[in-house]
Amino acid sequence: MHVQARVSIQELDLMKDPQRELEHLRKLATADPNKRFGKLYCLVSHVQLLTIASQRVRQNTGGKTAGIDGQTRKHIDDDMLSRLALELTTRCYQPKPVLRKYIPKGKTRKRALGIPSIRDRIVQAAVAQVLEAIYEPIFRDCSMGFRPGRNPIQALRHVAQAYKAGATWIIEGDLVKCFDSIGHGVILNCLRKRIFDEQFIELVRQMLKAGIMEQGNLITTYSGTPQGSLASPILCNIVLHEFDCWLEDHWQANPPRLSPKEQAARANPEYARHKRNLVRWRAQLSGRIPMGRQTPDGLRAKIKQALGARKQIPSVLPRRLLSYCRYADDYVIVMCQYSKAEATKLKQEMANWLQSNLGLTQHPEKTHITHWDKRLRFLGYDLRGRRNPNGTRWLRLEIPPEKERELKVKVKHLCGFTQIPELDLFTSVNALMRGWTNYFRYAHNATQRFGYLTGVVYWLGAHYLGRKHRCSIKKVMRNHYGVDPTSGKRALYTSTQAGKCVYIWNKPPRRCSLFNSVVQAKDVQPLPMTSWANGRSYAQRMEVYNRSEQHCEHCGNISSTLIVHHPHRLGKLPKRKKGKSNVIASGQQQKVKLLCFECHKLHHPGGWSGKNKKAETEDYWRAGCSDELPAQF
């Protein structure tokens, strides 16, 4: 064991820059799509790669949530990374079971979410980086989900281009519990096509077989990769890459662009005839060629008639093709110049292939065959085909009414709590509206719907201020209504302790074309600031920062890195007063203060676990702290 450890450590010392090694793997994968890779386990166990992976874990919003070990991203340090690298090097690393939680999915259902321990998340992030370097160069362009540089708007653009080619039938597909039902053997077999390092394969197998901890019971996992794992998206894409290849290679989906000669062959002869006549008649009317027996009025009448006739004729003949696009486990196939019988046959062929080769099942209720001019839902948008006068087709995107209703419910719910500080409410509503409108700004009805939402936010905010200050709307307009300098529009505002005015959302983004080269939307859910719900008010933090003027309120020293200390008074609330409104109101009564790092440690002598409070109290007094004890003691 010790000899193997020394040899492994020497190998790691030779690999001085894991980032350059990842770039090298990416170049090799790009040059040879069939190349198989080895010595990947040494790369994953390198402490520098683990350090890079830990930065990814820290930046993830899920890093605040603890797994079964109770640790969060705050516990990541050099000592943890060194011990983790040593465990991997000596083959002593064992993943812990993931903690299962359920999050809402739709109105009534719930989705299972796995929360790995923080150490396992770092290893999974390192494994994901290695797999991305190997597989990203060979993934097909039709795969858009969970990939760097890809987003839902590009997937919608792919579908819109297929509609312009002459769509007839659309297959909108979904898989039944894709993340939970992928067989472990299928995942490992797909990995072995590109990787012959069995130690790396064994590490992935251990991650998949770690088990699930639900309500104190350990559940053995025989299939699936839990949602929430940092390696799950790339593993899902690796498996479904086989499906992408089958559709593009066997069914010739997403054919290459036509050459100029092939594109010229698609020209409609009738359209070309009208075009030639218009060129000749306009030249005769301008005097560039002899008019002959034609009269100017006769030429103008012919030109007008030819222009009207040309509008009814497509410039190119329709093309028979399949256009396929996949985002995670949702996919759309646009069939151009195909019949419904052919669409039904393709749907059945896909179901049989997925079941026999990948062990996955097409969702019987969510997989539909839709006519091109009927409405369908994809990536949150409502899609519907439209026809031009000449018979060509295009795709119209609309904001679903239920998505708009859900947004209004969220804003109304926020504005219903008058206990929320004004600054916290305004920043939360602004973040929610900015994220939502930036994603739906590509809809054709975006301008009308955004204008309506501006009024909704304005009136909900005005009634919130009226209830909070117990005054009429007229008085609210007198004290909280002015011109926003960033937008030039009149809007509601609130003032901070420093005198700065924060305006509520009042200027929606302009509608963007789906074919713009720059995509403004991001593949993330808007996360409004909700720290006020647990007694961590943003307004309180701003107030204490302005009050202290960069001085520690315990020792008086000036520091650039000061910490806001909360005494956790919420734990003293009786059970009958644990409602959200009482928690918010109690949080505003905390006497928070700004402390330097050393003084903050004195206020938490036993750490931040909240255990053994009697011993912590004794240590606190032995430390010589003279100010009053926080309420948690």
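Residues that satisfy the side chain to side chain contact (heavy atoms under 4.5 Å, CB included) test with K474, not counting sequence neighbours, are S472, R478. Annotation: side chain to side chain contact (heavy atoms under 4.5 Å, CB included) contacts of P137 (sequence neighbours excluded): R26, A29, T30. With sequence neighbours excluded, the residues forming a ring pair (Phe, Tyr, Trp, His ring centres under 6.0 Å) with Y493 are Y503, listed by chain and number. In this structure K193 satisfies the salt bridge (charged side-chain N to carboxylate O under 4.0 Å, His left out) test together with E242, sequence neighbours excluded. Residues satisfying the side chain to side chain donor-acceptor pair (under 3.5 Å) test with E404, not counting sequence neighbours, are R449. By the side chain to side chain donor-acceptor pair (under 3.5 Å) test, R396 is found to be paired with E398, residues two or more places apart in sequence or in another chain being considered. Under the rule for a side chain to side chain donor-acceptor pair (under 3.5 Å), the partners of W394 that lie at least two apart in sequence or sit in another chain are N388. For the ring pair (Phe, Tyr, Trp, His ring centres under 6.0 Å) test, no residue two or more places apart in sequence or in another chain qualifies with F426. Here R36 pairs with nothing under the salt bridge (charged side-chain N to carboxylate O under 4.0 Å, His left out) rule; sequence neighbours left out.
For the side chain to side chain donor-acceptor pair (under 3.5 Å) condition, the pairs that include at least one residue of residues 286-299, sequence neighbours left out, are S286-R288, Q294-K302, D297-R300. Sorted by first then second residue, the side chain to side chain donor-acceptor pair (under 3.5 Å) pairs that include residues 162-175, not counting sequence neighbours, are E172-T370.
Taking 4.5 Å as the limit, some side-chain heavy atom of P400 sits within range of a side-chain heavy atom of F440. Considering only heavy atoms from C-beta on, I187 comes within 4.5 Å of V239 through its side chain. Counting heavy atoms from C-beta outward, N254 and H158 have side chains that approach closer than 4.5 Å. Side-chain contact between L240 and I182 is absent, with no heavy atoms from C-beta onward closer than 4.5 Å. With a 4.5 Å cut-off on side-chain heavy atoms, K403 and Y381 do not count as touching. Residues I473 and W459 meet the side-chain proximity criterion, which asks for heavy atoms closer than 4.5 Å. The shortest distance between side-chain heavy atoms of I504 and Y458 does not fall below 4.5 Å. Within the 4.5 Å cutoff, side-chain heavy atoms of I138 are placed close to those of R194.
Counting heavy-atom neighbours within 6.0 Å of K366 NZ, excluding the residue itself, gives a total above 12. Enclosure of atom NZ in K408 by more than 12 non-hydrogen atoms of other residues, nucleotides or ligands within 6.0 angstrom is indicated. Heavy atoms from other residues, nucleotides or ligands lying under 6.0 Å from NE2 of H24 number 12 at most. Taking a 6.0 Å sphere around CD of E262, one finds it holds more than 12 heavy atoms contributed by other residues, nucleotides or ligands.
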**Request:** Walk me through it: do Q312 and N390 pass the test side chain to side chain contact (heavy atoms under 4.5 Å, CB included)?
**Result:** CA-CA 4 Å; Q312 308 297 323; N390 63 352; 5.6 Å; no
**Message:** side chain to side chain contact (heavy atoms under 4.5 Å, CB included), that's the test. Do T486 and K507 meet it? Break it down for me.
**Reply:** CA-CA 9 Å; T486 59; K507 185 179 181 180; over 6 Å; no
**Message:** Working note: L453 + W436, criterion side chain to side chain contact (heavy atoms under 4.5 Å, CB included); need CA distance, chi angles, decisive distance, verdict.
**Reply:** CA-CA 11 Å; L453 289 172; W436 194 89; 3.5 Å; yes
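Using a 3.5 Å distance cut-off with no hydrogens or angles, the side chains of K345 and Y338 do not pair a donor with an acceptor.
Less than 6.0 angstrom separates the ring centroid of Y331 from the ring centroid of F243.
Between E23 and R20 there is no salt bridge, since no side-chain N of the basic residue sits under 4.0 Å from a carboxylate O of the acidic one. The existence of a salt bridge linking D484 and R490 is excluded, since no basic side-chain nitrogen approaches an acidic carboxylate oxygen closer than 4.0 Å.
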Please tabulate, for the side chains in residues 139-146, all donor-acceptor contacts under 3.5 angstrom to protein atoms that are two or more places apart in sequence or on a different chain.
from	atom 1	to	atom 2	distance (Å)
R140	NH1	E248	OE1	2.7
R140	NH2	D249	OD2	3.4
D141	OD1	R150	NH2	3.3
S143	OG	R326	NH2	3.0

